[in-house]
Amino acid sequence: MSEMATKRTADRAKMQVSDEIAIEITNMNKWYGSFHVLKDINLTVNQGERIVIAGPSGSGKSTLIRCLNALEEHQQGRIMVDGTELSNDLKNIDKIRREVGMVFQHFNLFPHLTILENLTLAPIWVRKTPKQEAEETAMHFLEKVKIPEQALKYPGQLSGGQQQRVAIARSLCMRPRIMLFDEPTSALDPEMIKEVLDTMIELAEEGMTMLCVTHEMGFARQVANRVIFMDEGQIVEQNEPEELFNNPKSPRTKLFLSQILGH
Amino acid sequence: MSDVSFVRTDMLSEQEPPASSVGVIGWMRSNLFSSWGNSILSLASMAFLYLILSAILPWAISPTWGATSLAECREILHGLGREGHLSGACWGVIRDRWVQLFMGFYPSEFYWRPILTFILLFVALAPVLFADKVPAKLIWFSALYPFLMPWLLWGGSLWVPLAVLAGFVIGFLVHGVVSKKMSGLAGLIAGLVAAVVWWMFLAGIVSGALTSIIPLALESVESRKFGGLLLSLTIGVVAIGFSLPIGVVLALGRQSDLLIVRALCVGFIEFIRGVPLITLLFVASTLLNIFMPPGTNFDIIMRVIMMATLFSAAYMAEVIRGGLAALPTGQYEGADSLGLNYWQAQRLIIMPQALKISIPGIVSTFIGLFKDTTLVSVIGLLDPLGLSNAIRADAAWNGIVWELYGFIALMFWVFCFSMSRYSMYLERKLQTGHR
């Protein structure tokens with residue numbers, strides 16, 4: 001899409017990558033019925049990394065990050081998230097979901113609850129946080145995404161950009177160590193993309209480990225320390241953003257970049 | 001040649017709207033006579049209304065309140081010079097029999113019991129229906145009401161409902177202890193087993209013993225004394241109360257990933273929906289006793305309630321399934337990604353929304369169920385319709401039709417219309433301005 005993206009520039013000096021491994025995927029395969037969507041994925045993500053996953057639609061990039069919190073089940077290979085193996089064991093899945101936040105293309109806020117209730121629900125029921133403490137945390141994060149005045153409204157009364165920022169705050173209230181973003185700006189009007197990306201940049205500056213499926217190449221240049229290009233269910237190329245955008249090696253990457261950066 | 005330049009120099013002041021668009025005339029113009037076609041339709045409808053009312057009102061306005069038999073009604077009307085079959089209604093039958101239409105053959109010295117039950121019903125319903133308007137503590141009374149209601153209506157020892165209640169408490173306590181020591185599933189099973197063992201083997205002995213020590217009892221009233229609106233309401237309220245939770249469970253079971261659970265739920269729903277209610281009622285009145293161990297005498301009203309409950313639960317499940325299907329998968333994923341488990345997600349995210357979408361369907365099923373209680377007249381229970389036959393069998397009122405049916409219709413209409421209005425109120429209240 002566009003290069004314009006963000007009004008504020010990210011401060012890369014603040015984004016430190018540690019040696020600690022956050023996610024480790026080895027030889028992972030996934031099928032939908034007989035359709036092979038993810039082919040032999042190997043990927044290691046360190047704590048503090050900001051990874052942008054790009055690729056044409058249907059390339060399996062959303063499926064990949066949805067496997068990381070078990071919204072999709074993988075059939076082969078191993079996924080370790082924060083030291084816990086993702087398997088059929090419900091206890092492990094619950095544990096991983098507590099540590100991994102996710103932001104969706106269509107926000108997936110709960111329309112029957114107020115913004116504040118959306119934010120406090122999981123801390124109260126999953127983390128067993130006392131209500132008052134959960135509300136204080138919620139207000140803290142609402143202030144961070146700059147919409148504390150909307151706390152008592154319902155999601156349906158907010159704009160798309162505001163809803164997505166609430167969704168980010170909702171994930172943060174669980175104090176996750178890793179955040180997954182599944183095309184967070186694709187359903188937004190252009191003037192609202194900026195506010196959501198600003199929030200994400202701030203998050204990156206605080207050292208959050210982020211995996212982000214997006215077409216916002218400007219965001220990738222500013223924030224990502226690594227861009228992964230996927231096509232037909234496999235990782236085709238990965239590199240630092242400037243290198244990958246300016247000097248792509250694979251013809252598939254070249255074709256894709258020429259299509260999205262073409263005009 | 002056109003001059004596009006224009007500048008307003010003085011602003012226009014507000015003026016009254018034309019007389020033809022406000023007030024009575026304006027209302028009539030926009031609602032009744034907005035065009036030639038609509039004017040004709042309006043006039044035709046008014047003529048139709050006039051025809052209906054001019055036939056019914058002279059019949060209904062009839063000074064026969066004091067009559068004690070149909071013959072006396074006819075004499076009164078004859079004395080007024082009104083002749084013929086439709087000369088006037090005979091309201092004496094309502095004055096004479098309205099108590100019976102409400103209470104059936106319930107012993108008159110105990111009328112306070114159904115009346116109290118009925119009043120307490122609203123107290124128990126208030127925290128459920130108007131949660132934001134009454135103290136939250138009242139919900140405890142709602143929880144006790146299911147045990148209080150049968151005791152008040154049927155009488156007997158107070159220890160029996162208390163023993164049944166104790167079963168729930170025991171099950172809950174065992175569940176708490178075991179699920180803390182072992183897993184949640186083990187706790188659930190242990191709790192169920194403990195409660196069932198209590199009900200099957202111990203509850204009877206304990207309540208019997210307590211009754212012989214402290215005899216706290218109301219005089220018992222047999223089921224065949226129940227009748228009229230009392231019977232309809234008893235069956236209707238209990239069946240409505242049970243069919244919603246059973247329907248929710250069936251709807252969830254139908255969507256379950258577990259093959260056997262799903263097959264059982266689908267089988268049950270499709271079987272019940274494929275069989276007429278009358279068939280089920282006949283099963284309740286005749287066949288069910290054959291399946292029971294010999295010597296057990298299972299109360300007929302209880303059997304009918306069971307069948308009516310299962311019948312509407314199957315419909316309820318389908319109504320709720322519609323609500324579940326209308327929810328985007330994103331809601332499930334949102335709940336999953338936050339780490340909520342299945343039951344938390346259902347209770348906090350999915351069901352509140354699915355039930356809200358299903359309100360019109362749920363209330364339609366309730367209303368249908370309540371009206372279907374009149375079918376019990378075919379198995380010999382004296383609901384209002386059954387009573388109307390019994391009243392006509394009395395020589396004094398032989399030949400009365402419209403007055404009785406009209407009155408019964410009015411009784412049912414009051415309840416059904418209230419339910420319908422409540423559902424509209426609830427939908428407005430739950431509106432949160434989304435999609």
Side-chain angles (χ1 to χ4, degrees), chain A residues 62 65-66 68-73 90-115 117-128 152-158 163 166-167 170-176 178-182 187, chain B residues 131-132 136 176 179-180 182-188 248 256-259 320 323-360 362 423 425-435:
Chain A
S62 284
I65 69 165
R66 288 159 60 87
L68 297 179
N69 66 348
L71 286 186
E72 304 277 356
E73 208 181 333
L90 281 177
K91 273 196 181 137
N92 283 358
I93 292 182
D94 285 344
K95 192 172 167 213
I96 287 171
R97 282 176 177 167
R98 281 198 291 269
E99 302 306 326
V100 179
M102 186 159 196
V103 175
F104 299 86
Q105 182 177 1
H106 295 290
F107 330 134
N108 296 357
L109 295 176
F110 306 129
H112 62 301
L113 302 175
T114 62
I115 302 304
E117 287 166 342
N118 263 281
L119 266 63
T120 55
L121 185 89
I124 289 175
W125 290 92
V126 180
R127 288 233 191 265
K128 313 287 178 206
L152 297 179
K153 289 196 183 163
Y154 287 94
Q157 297 166 307
L158 269 54
Q163 290 194 41
V166 169
R170 181 175 73 176
S171 292
L172 293 178
C173 281
M174 286 294 281
R175 309 272 186 192
I178 301 165
M179 285 285 285
L180 309 174
F181 293 85
D182 188 1
Chain B
D132 49 346
S179 58
K180 219 171 245 171
M182 293 153 74
S183 72
L185 185 67
L188 194 67
V248 169
S256 167
D257 294 331
L258 306 168
L259 179 71
I320 293 168
L324 286 171
L327 280 191
T329 48
Q331 292 294 308
Y332 294 88
E333 290 176 355
D336 281 349
S337 75
L338 287 170
L340 295 170
N341 67 33
Y342 176 81
W343 291 109
Q344 287 172 337
Q346 289 297 341
R347 192 161 85 73
L348 302 166
I349 310 297
I350 307 303
M351 271 306 149
Q353 296 184 65
L355 289 179
K356 184 183 132 189
I357 298 171
S358 321
I359 288 173
I362 290 174
S423 91
Y425 156 80
L426 194 61
E427 276 180 74
R428 265 201 312 279
K429 196 179 81 171
L430 295 180
Q431 183 65 38
T432 55
H434 67 277
R435 263 165 288 172

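So that the names make sense, note that chain A is the first sequence line, chain B the second, and so on, each numbered from 1.
How far CG of Leu340(B) is from CH2 of Trp125(A): 9.5 Å, rounded to the nearest 0.5 Å. Atom CD of Gln353(B) sits about 7.5 Å away from atom CG of Leu113(A), to the nearest 0.5 Å. Note that the OG atom of Ser171(A) and the CG atom of Leu338(B) stand 6.0 Å from one another [nearest 0.5 Å].
Of the possible donor and acceptor atoms, one in the side chain of His112(A) sits under 3.5 Å from a partner among the backbone N and O of Leu348(B). Judged by distance alone, with hydrogens and angles left aside, the side-chain atoms of Gln331(B) form a donor-acceptor pair with the main-chain N or O of Leu109(A) at under 3.5 Å. Under the 3.5 Å distance criterion, the side-chain polar atoms of Asn69(A) are left unmatched by any main-chain donor or acceptor of Ser337(B).
By the 6.0 Å contact criterion, CG on Asp132(B) is enclosed, its count of non-hydrogen atoms from other residues, nucleotides or ligands being greater than 12. Under a cut-off of 6.0 angstrom, the local environment of NZ in Lys128(A) is crowded, with over 12 non-hydrogen atoms contributed by other residues, nucleotides or ligands.
Between Asn341(B) and Val126(A) the shortest side-chain heavy-atom distance does not fall below 4.5 Å.
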Side chain to side chain contact (heavy atoms under 4.5 Å, CB included) for Asp336(B) and Ile93(A)? Distances and angles first, verdict last. CA-CA 10 Å; Asp336(B) 281 349; Ile93(A) 292 182; over 6 Å; no
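Among Asn108(A), Leu121(A), Thr114(A), the residue making the largest number of heavy-atom pairs under 4.5 Å with chain B is Asn108(A).
Glu333(B) touches chain A through backbone and side chain together, each having a heavy atom under 4.5 Å away. Interface remark: Arg170(A) contributes backbone and side-chain atoms alike to the contact with chain B (heavy atom separation under 4.5 Å).
With sequence neighbours excluded, the residues satisfying side-chain contact (heavy atoms from CB on, under 4.5 Å) with Ser423(B) are Ile359(B), Val363(B), Glu427(B).
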Enumerate, atom names and distances included, each donor-acceptor pair closer than 3.5 Å involving a side-chain atom of residues 98-105 of chain A, sequence neighbours excluded.
none

